[in-house]
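Please read all numbers here as calculations on a predicted model, not as lab measurements.
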Amino acid sequence: MRLFQCILCLLVPLAGHALEVNGTPYIRLTEIAGKLGMRSSWLEKGETLRLESSWTRMDFEVHKREMLLNGLRVHLGYPVVESKGRLYLSESDLTHQIRPILTPQLNGPPPQLRHIILDPGHGGKDPGAENLPVGLREKALTLDLARLLQKRLQEEGFRVTLTRQEDRFIPLKDRGQFANRLQGDLFISLHFNASGKSRVEGVETFVYTPLMQPSTSRARLHASDRKSYPGNKDGAWSTLLAYYVQRSLEEELGAADRGLKRARFTVLEELSMPGILVEGGFVTHPAEGRNIGSRRYRDRIAAALVDAVLVYRKTLQRLEKEAS
């Protein structure tokens with residue numbers, strides 16, 4: 001409660017429908033609804049507001065750093081705030097979290113999508129997440145998933161290259177540099193999760209944290225958030241793909257939705273192409289770990305990822321056609 005009171009103390013009304021909170025510009029959600037041609041209605045007055053159109057539904061709750069987009073969790077850089085009975089969203093979140101997904105025609109020229117770089121996480125001396133009692137090592141699981149995914153993507157006409165073909169260690173920066181040297185069009189880093197709490201489960205998809213936003217795991221700006229990196233350049237396209245991926249994984253697997261998140265992962269930092277990092281579940285969860293250990297289940301993960309990439313390709317083709 002003290003944090004929320006402190007935030008409100010630093011909430012400054014600006015001209016029109018805007019506010020400034022701790023130096024961050026905010027815009028009224030009802031104004032955003034108007035810009036996007038959506039209706040707004042209270043699910044809980046003063047607490048939860050819904051923006052809705054024929055195809056899209058977004059739910060925002062005061063003080064939360066996340067929203068629901070068609071039921072899927074999308075993490076925000078800054079919390080939703082309330083002032084005089086109205087809810088406000090940061091302009092940064094409108095720019096980096098909502099517009100890339102709902103209005104991709106504003107993302108700039110669509111990138112080409114022919115060559116996909118798959119990055120099986122960890123390897124060699126770095127085993128990654130482990131559940132040794134049941135024989136699960138992330139480095140082996142990600143390599144197998146990459147091979148399954150490679151086969152499926154090649155069947156769809158893509159050129160596909162893996163950052164590693166065997167159990168060997170590759171420094172994180174080298175993976176992105178490898179993708180850049182090959183002039184890839186898309187980078188997908190494949191991972192599985194672990195937790196000291198066995199009940200933690202679910203899938204999550206990451207993009208590189210936008211400039212001047214804190215990563216999902218932090219509440220405040222870090223020095224690195226104030227600097228732009230090559231991985232920020234294609235953030236809008238990465239966000240669009242990440243949304244498709246998270247939606248496809250949740251629908252195909254029925255897994256818990258941990259959302260579309262942001263992090264300054266080294267493996268994404270130097271990319272000269274759109275890139276995402278996928279966490280396909282927790283090897284430490286009794287049921288989910290058992291599923292991940294099944295090759296049939298990993299093939300379902302591969303199928304979900306391919307479906308998302310195909311939707312992404314279809315969107316790029318549509319936008320290119322509309323622009324011509």
Do NZ/NE/NH1/NH2 and the carboxylate oxygens of [X] and [Y] come within less than 4.0 Å?
X      : Y      : result
Arg73  : Glu66  : yes
Lys139 : Asp126 : no
Asp119 : Arg164 : no
Arg247 : Asp257 : no
Arg28  : Glu31  : no
Arg220 : Asp225 : no
Lys173 : Glu269 : yes
Asp185 : Arg114 : no

| request: Only counting residues at least two apart or in another chain, list the ones meeting ring pair (Phe, Tyr, Trp, His ring centres under 6.0 Å) with Tyr243. | output: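 In terms of ring pair (Phe, Tyr, Trp, His ring centres under 6.0 Å), with neighbours along the sequence ignored, Tyr243 is linked to no residue.
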
| Thr30 versus Ser40, closest heavy-atom pair with distance |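 Minimum heavy-atom separation between Thr30 and Ser40: CG2-OG, 3.6 Å.
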
| request: For residues Ser215 and Arg65, report the shortest heavy-atom separation together with the two atoms involved. | output: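 Ser215 and Arg65 have their closest heavy atoms at O-NH2, 3.2 Å.
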
Could you measure the distance from the [atom1] atom of [X] to the [atom2] atom of [Y]? Nearest 0.5 Å is fine.
X      : Y      : atom1 : atom2 : value
Asn22  : Ser90  : CG    : OG    : 12.0 Å
Asp234 : Ile276 : CG    : CD1   : 13.0 Å
Met58  : Leu89  : CE    : CG    : 8.5 Å
Leu76  : Gln97  : CG    : CD    : 6.0 Å
Leu141 : Glu130 : CG    : CD    : 10.5 Å
Phe178 : Leu162 : CZ    : CG    : 8.5 Å

| request: Side-chain contact test, heavy atoms from C-beta onward, threshold under 4.5 Å: evaluate it for His191 versus Leu277 and give yes or no. | output: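 His191 reaches Leu277 side chain to side chain.
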
| query | Do the side chains of Leu190 and Leu149 get nearer than 4.5 Å, heavy atoms only? | reply |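 Yes, side chains in contact.
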
| field | Derivation and outcome, side chain to side chain contact (heavy atoms under 4.5 Å, CB included), residues Ile188 and Val278 | value | CA-CA 7 Å; Ile188 303 177; Val278 179; 4.2 Å; yes

Go through the side-chain N and O atoms of [X] and [Y] and say whether any donor and acceptor fall under 3.5 Å apart.
X      : Y      : result
Glu322 : Gln317 : no
Ser272 : Asn180 : yes
Thr315 : Tyr244 : yes

Would you say [X]'s side chain and [Y]'s backbone share a donor-acceptor pair under 3.5 angstrom?
X      : Y      : result
Glu288 : Glu201 : no
Asn193 : Gly281 : no
Arg99  : Pro104 : no
Glu61  : Thr48  : no
Arg57  : Arg50  : no
Thr103 : Leu106 : no

| said: For Leu310, give me all partners under side-chain contact (heavy atoms from CB on, under 4.5 Å), at least two apart in sequence or on another chain. | reply: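 For Leu310, the residues satisfying side-chain contact (heavy atoms from CB on, under 4.5 Å) (neighbours in sequence not counted) are Glu156, Phe158, Val306, Arg313.
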
| said: Restricting to side-chain contact (heavy atoms from CB on, under 4.5 Å), what partner residues turn up for Ala287, sequence neighbours left out? | reply: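 For Ala287 the side-chain contact (heavy atoms from CB on, under 4.5 Å) partners, ignoring immediate neighbours, are His285, Arg290.
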
| task | Show your reasoning for whether side chain to side chain contact (heavy atoms under 4.5 Å, CB included) applies to Leu102 and Leu69. | result | CA-CA 10 Å; Leu102 298 190; Leu69 175 51; 4.1 Å; yes

| message | Centre-to-centre under 6.0 Å for Phe206 and Phe265, is that the case here? | response |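 Under 6.0 Å, so yes.
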
| message | For a salt bridge (Lys or Arg N to Asp or Glu O under 4.0 Å) check, start with the C-alpha distance between Glu204 and Lys261, then their side-chain angles and the critical distance, and finish with the verdict. | response | CA-CA 7 Å; Glu204 52 194 18; Lys261 298 183 174 184; 2.8 Å; yes

| query | Yes or no on side-chain hydrogen bond (donor to acceptor under 3.5 Å, both in side chains) for His115 and Gln183, after CA distance, side-chain angles and deciding distance? | reply | CA-CA 8 Å; His115 187 190; Gln183 298 182 322; over 6 Å; no

| request: Apply side-chain hydrogen bond (donor to acceptor under 3.5 Å, both in side chains) to the pair Ser198 and Thr284, showing each step before the final yes or no. | output: CA-CA 6 Å; Ser198 62; Thr284 45; over 6 Å; no

| query | When you look at Thr163 and Leu118, which way does the side chain to side chain contact (heavy atoms under 4.5 Å, CB included) test go after all the steps? | reply | CA-CA 6 Å; Thr163 57; Leu118 299 180; over 6 Å; no

| task | Look at atom CD of Glu320 and say whether more than 12 heavy atoms of other residues, nucleotides or ligands are closer to it than 6.0 Å. | result |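 Result for CD/Glu320: open.
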
| When you look at Tyr88 and Ser83, which way does the side chain to side chain contact (heavy atoms under 4.5 Å, CB included) test go after all the steps? | CA-CA 8 Å; Tyr88 291 76; Ser83 177; 3.9 Å; yes

